[in-house]
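Contents: one structure, followed by commentary.
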There are 2 protein chains.
Amino acid sequence: MTAGGDPAAGGPEWSDLAAALEVVGARWALLIVEQLLDGPQRYGDLQRRLGVPTNILATRLRELQEAGVLRRLPLHHNTRAYALTARGAALREPIEALRRWATPRSGGPGEGAPPAPRASPPR
Amino acid sequence: MTAGGDPAAGGPEWSDLAAALEVVGARWALLIVEQLLDGPQRYGDLQRRLGVPTNILATRLRELQEAGVLRRLPLHHNTRAYALTARGAALREPIEALRRWATPRSGGPGEGAPPAPRASPPR
DNA sequence: CGCGCACACTTGCAAAAAGCAAGTGTGCTG
DNA sequence: CAGCACACTTGCTTTTTGCAAGTGTGCGCG
């Protein structure tokens, strides 16, 4: 069941990871979910806190909603908030794992390559 | 855009997650690392197993190498293999967390949104 | 009632990244 | 020396991302 994805073929494998990235692999998706882990937020708040272009934000919110990761909560008059579904909240683990990976841990077995300074947003 | 962080301003936050995505957030990056978790592989193998465009693969391998995630092992004559560094291997946790998230767990409380079938490579 | 304002998005267009196909260089091997 | 496998490059098209400005809607106020 679901196993393989491309059985008995020399073709590319199809992993669960690819399926995950299909949903949250787009440019600002995980950052948006991360913000929402703190609780429901409104469009304007997300935009200001992340610095994400407004059209991208609108697109991502629609996609993530369709994927069942978040949903819109109608607020007063014409305002609304975005909140994670259970499936969206389950992204806390992967997100924290990524955060831990990125966090420079002092006292660990430092190795690999010397850190090179960067200075620009996601990607 | 907001390059160089935005300290002590009302501007966008700069999370560790963003730093992680800066390194492994590009289109095929995590998939490449996932393959490499099984051990060192050669260029052609990666390309065939993932179905990634060859120019993209070359670019990602260079970027991931510069980020200290993997390194090139010279093999016989002009062939080489790519292997994860310790830092790259540490991505196993985030990757497995994402895989678990994507894995349809039978018996769970179905919720969020009805699954919509897809049929195409990442993104 | 009409005006301005905040909020939540669209729209239009330019720049960057991803994708496809074909080509290049290198070192065997026949 | 021709042919072949391997590891990439190069040239061009398509898709995605980003920026800036515009649209619609519902108050709050004079």
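This one's a predicted model, so the numbers in the text were calculated from it and none came from an experiment. Every chain is numbered from 1 and lettered A, B, ... according to where its sequence line falls, protein lines coming before strand lines.
Computed from coordinates, the Arg49(A) CZ to dC7(C) P distance equals 15 Å when rounded to whole Å. Rounded to whole Å, atom P of dC5(C) lies 16 Å from atom NE2 of His77(A). Nucleotide dT10(C) holds its C1' atom 13 Å from the CG atom of Leu57(A), rounded to whole Å. The separation between Glu22(A) atom CD and dT16(D) atom P is 11 Å, rounded to whole Å. Between Leu61(A) atom CG and dT17(D) atom P there is a gap of 14 Å when expressed in whole angstrom units. Distance CD (Gln47(A)) to P (dA20(D)): 12 Å, rounded to an integer number of Å. In this structure, CG of Asp45(B) is placed 12 Å from C1' of dA5(D), rounded to the nearest angstrom. For the pair Leu46(A) CG and dC7(C) C1', the computed distance is 13 Å after rounding to whole Å.
Regarding contacts with the backbone of dC8(D), a side-chain N or O of Tyr82(B) is found under 4.0 angstrom from either OP1 or OP2. Look at Arg42(B) and you won't find any side-chain N or O under 4.0 angstrom from OP1 or OP2 of dA5(D). Regarding contacts with the backbone of dA17(C), every side-chain N or O of Arg27(A) stays at 4.0 angstrom or more from both OP1 and OP2. For the OP1/OP2 pair of dA8(C) and a distance below 4.0 Å, the side-chain nitrogens and oxygens of Arg72(A) include no atom meeting the criterion.
The side chain of Arg80(A) approaches dC9(C) more closely than any other nucleotide in the set dC9(C), dG26(D), dG18(D). Closest to the side chain of Asn78(A), from the set dA7(D), dT25(D), dT10(C), is dT25(D). When distances are taken from the side chain of Ile56(B) to each of dG19(C), dC8(D), dA21(D), the shortest belongs to dG19(C).
Map Leu75(A) and Asn55(A) each onto its nearest nucleotide of DNA chain C; the residue landing nearer the 5' end is Leu75(A). Annotation: of the two residues near DNA chain D, Pro53(A) and Thr59(B), the 5′-most nearest-nucleotide partner is Thr59(B).
Electrostatic pairing of Arg99(B) and Glu34(B) counts as a salt bridge here, judged by a charged N lying under 4.0 Å from a carboxylate O. Between Glu66(B) and Arg62(B) there is no salt bridge, since no side-chain N of the basic residue sits under 4.0 Å from a carboxylate O of the acidic one.
Heavy atoms from other residues, nucleotides or ligands lying under 6.0 Å from NE2 of His77(B) number more than 12.
With hydrogens and angles left out, the side-chain atoms of Arg49(A) and Gln35(A) include a donor and acceptor closer than 3.5 Å. No side-chain donor from either of Tyr43(A) and Thr79(A) sits under 3.5 Å from a side-chain acceptor of the other.
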